[in-house]
There are 2 protein chains.
Amino acid sequence: MPPVSVESAAERGIPDAAVARLPGYLRALDTMTASGIASVSSEELAVEAGVSSAKLRKDLSHLGSYGVRGVGYDVSHLRYEISRALGLTHDWPVVIVGMGNLGRALAQYGGFEQQGFSVVALLDHDPEVVGQRVGDLVVQPMTVLPALTGSGVVIGVIAAPAQAAQDVADALVGAGIGSILNFAPSAVNVPDGVQVRRVDLASELQILAYHEQRRVESAESGAPADGTAASASARTVGVAR
Amino acid sequence: MPPVSVESAAERGIPDAAVARLPGYLRALDTMTASGIASVSSEELAVEAGVSSAKLRKDLSHLGSYGVRGVGYDVSHLRYEISRALGLTHDWPVVIVGMGNLGRALAQYGGFEQQGFSVVALLDHDPEVVGQRVGDLVVQPMTVLPALTGSGVVIGVIAAPAQAAQDVADALVGAGIGSILNFAPSAVNVPDGVQVRRVDLASELQILAYHEQRRVESAESGAPADGTAASASARTVGVAR
DNA sequence: TAGATTGTTAATCGATTAACAATC
DNA sequence: TAGATTGTTAATCGATTAACAATC
């Protein structure tokens with residue numbers, strides 16, 4: 001039997017829940033770098049990132065062993081290792097499709113560049129919109145997609161309306177895009193192997209509404225209610241005297 | 001011992017993971033309503049929402065028992081029950097703080113209104129921005145916050161830059177806001193009982209980058225690699241001949 | 001060495017899945 | 001009734017947490 005290759009923790013893959021928290025650790029380390037902090041304990045970094053120190057150490061253990069017992073972590077070295085684990089040792093070119101309000105805002109957002117991404121193309125289906133200037137780029141037609149993927153673009157952002165989202169996703173996948181960030185308020189179907197993450201503003205608000213409603217309900221059953229939502233807000237929780 | 005009140009599933013609380021999927025079911029039901037479909041099976045609805053039918057039925061079981069064995073679910077009734085569980089039987093007024101690119105895009109997004117929310121106020125810290133018109137509203141100063149919460153606003157959206165996010169959060173919480181949707185690329189600390197959900201565009205892209213990187217790595221070890229990211233994209237995965 | 005803090009273990013908890021009895 | 005599909009159960013899986021041995 002040929003020897004099976006021994007995989008490191010990183011090669012075996014990091015649990016999804018841990019991957020989702022790594023960007024937060026990166027951001028916390030950047031904040032600390034800006035404050036001139038060179039070394040941190042798991043406890044300090046956990047507070048800055050808003051997690052427990054046990055969870056932080058467990059998450060970092062999936063990348064390797066980059067701390068020093070009794071001392072802590074070197075900020076810049078840990079930052080590098082997390083960047084590397086996330087694949088951010090080089091910039092990723094990104095294409096945004098759909099130049100409505102949201103697409104234009106994303107195109108000019110600027111927050112991507114400093115985080116390891118560069119918006120290299122803006123596309124729109126509408127001939128009226130093609131040719132317009134948005135920020136530093138000129139909007140191009142959908143037909144340029146294959147050329148973009150040919151030159152190495154693998155991440156696409158859908159900022160089109162819900163009814164167009166599936167068509168855009170099909171076009172992206174057809175051209176060879178492997179990862180999609182979907183801002184349209186609808187689910188899109190893609191073949192296995194293509195990654196889709198969805199950012200849905202209305203869903204996020206609905207989840208908050210659920211918790212606000214529970215607050216109102218518990219106030220109504222547990223305490224004299226006056227029927228207004230405001231009465232159940234945080235500042236009024238407590239024992240009346 | 002006095003009898004303990006018997007709580008229904010809804011009163012006991014719906015698991016977080018299930019709550020997070022309810023908006024997707026709602027959206028799928030709306031799509032079906034628009035197509036004139038009056039009744040669905042868990043299998044059909046699950047496909048539309050992009051989950052397994054077992055998960056869908058399990059999730060719905062937390063709300064109560066609104067299906068008919070052998071038949072399925074009445075689309076409009078199920079829609080109503082999910083709306084009710086999420087607290088969407090009335091509109092929730094929302095305040096957006098921060099009128100940069102993103103805040104303006106959110107203010108004019110329109111997607112909130114149809115989903116049970118109405119943007120009732122836009123605030124900004126900058127006196128130059130206060131008084132400007134954005135969509136149908138005029139930007140107001142931060143000082144109006146207490147008046148807004150007094151009139152029943154309990155949900156706030158932070159669209160301010162990272163360095164201002166904590167100050168905005170403090171102002172929101174201080175005025176009595178109970179739920180916050182944070183678009184700033186930083187974590188904010190709030191007292192227990194205040195809900196915060198964060199939408200971080202760069203984090204989402206970083207998570208996609210992780211998966212793209214793994215794709216490249218596995219292509220390099222498992223197949224002859226040519227060193228370009230494009231070679232590892234979905235369309236080229238497979239056995240060369 | 002004594003004190004501090006990591007990395008890991010094991011226990012607990014919550015979420016997912018498959019299967020099927022209940023029942024329309 | 002026969003066929004279909006729900007709602008629930010039990011098994012599995014993955015994530016979280018607390019505790020502590022390893023070790024700087």
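Naming convention: chains lettered A, B, ... in sequence-line order (proteins, then strands); numbering from 1 in each chain. None of the values given here were measured: they were computed from a predicted structure.
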Discussion item. In whole Å, I'd like the distance from the NZ atom of B/Lys55 to the P atom of C/dG14.
Written reply: 18 Å

Response to the item:
Quick note, A/Arg57 side chain, CB onward, closest among C/dG7, C/dT17, C/dA19 is C/dG7

Discussion item. With nearest nucleotide decided by heavy atoms, which residue, A/Ala54 or A/Gly70, maps closer to the 5′ end of DNA chain C?
Written reply: A/Gly70

Practice prompt. Provide, to the nearest angstrom, the distance between the CG atom belonging to A/Leu45 and the P atom belonging to C/dT5.
Written response: 14 Å

Worksheet item: Does a side-chain N or O from A/Tyr73 land closer than 4.0 Å to OP1 or OP2 of C/dA4, or not?
Response: no

Worksheet item: So, does the side chain of A/Arg69 form a donor-acceptor pair with the base of C/dT5 at under 3.5 Å?
Response: no

Item to complete: Using atom types as modelled and distance alone, determine if a side-chain donor or acceptor of B/Gln115 lies under 3.5 Å from a backbone N or O of A/Ser203.
Response: no

Item to complete: Considering non-hydrogen atoms only, spot the tightest contact between B/Val168 and B/Ala160 and give its length.
Response: CG2-CB, 4.0 Å

Response to the item:
Heavy-atom nearest pair, B/Ile177 first then B/Gly156, reads CG2-N, 3.8 Å

Discussion item. At less than 4.0 Å, is any side-chain N or O atom of B/Ser41 found next to OP1 or OP2 of D/dT5? Yes or no.
Written reply: no

Worksheet item: Using Watson-Crick and G-U wobble pairs whose two distances are both under 3.5 Å, how do you write the pairing of DNA chain C as dot-bracket, with | for links to another strand?
Response: ..||||||||||||||||||||||

Practice prompt. Specify the separation, in whole Å, of atom CG of A/Leu60 and atom P of D/dT16.
Written response: 14 Å

Worksheet item: Judged by atom type as modelled, is there a donor-acceptor pair below 3.5 Å linking the side chain of B/Glu212 to the main-chain atoms of A/Ser179?
Response: yes

Worksheet item: Rounded to the Å, how far apart are B/Glu43 CD and D/dT6 C1'?
Response: 13 Å

Item to complete: Locate the shortest heavy-atom distance separating A/Arg198 from A/Pro185; write the atom from each residue and the value.
Response: NH2-C, 4.2 Å

Worksheet entry | Contact under 4.0 Å: A/Ser42 side-chain N or O vs C/dT6 OP1/OP2 | yes

Worksheet item: Between D/dC24, C/dT17, C/dC20, which nucleotide has the shortest distance from any of its atoms to the side chain of A/Val68?
Response: D/dC24

Practice prompt. Check whether any side-chain N or O of B/Lys58 sits under 4.0 Å from OP1 or OP2 of C/dA15, and answer yes or no.
Written response: no

Item to complete: Could you state the atom-to-atom distance from OH of A/Tyr66 to C1' of C/dG7 in whole Å?
Response: 13 Å

Discussion item. Please pick, from C/dA15, D/dA18, C/dT6, the nucleotide with the shortest atom-to-atom distance to any side-chain atom of B/Ala17.
Written reply: C/dA15

Practice prompt. Provide, to the nearest angstrom, the distance between the NE2 atom belonging to A/His77 and the C1' atom belonging to C/dT6.
Written response: 15 Å

Practice prompt. Give the nucleotide from the list C/dT16, C/dG7, D/dA15 with an atom nearest to the side chain of A/Ser61.
Written response: C/dG7

Response to the item:
Nearest heavy-atom approach of A/Ala18 to A/Asp59 is CB-OD1, 3.4 Å

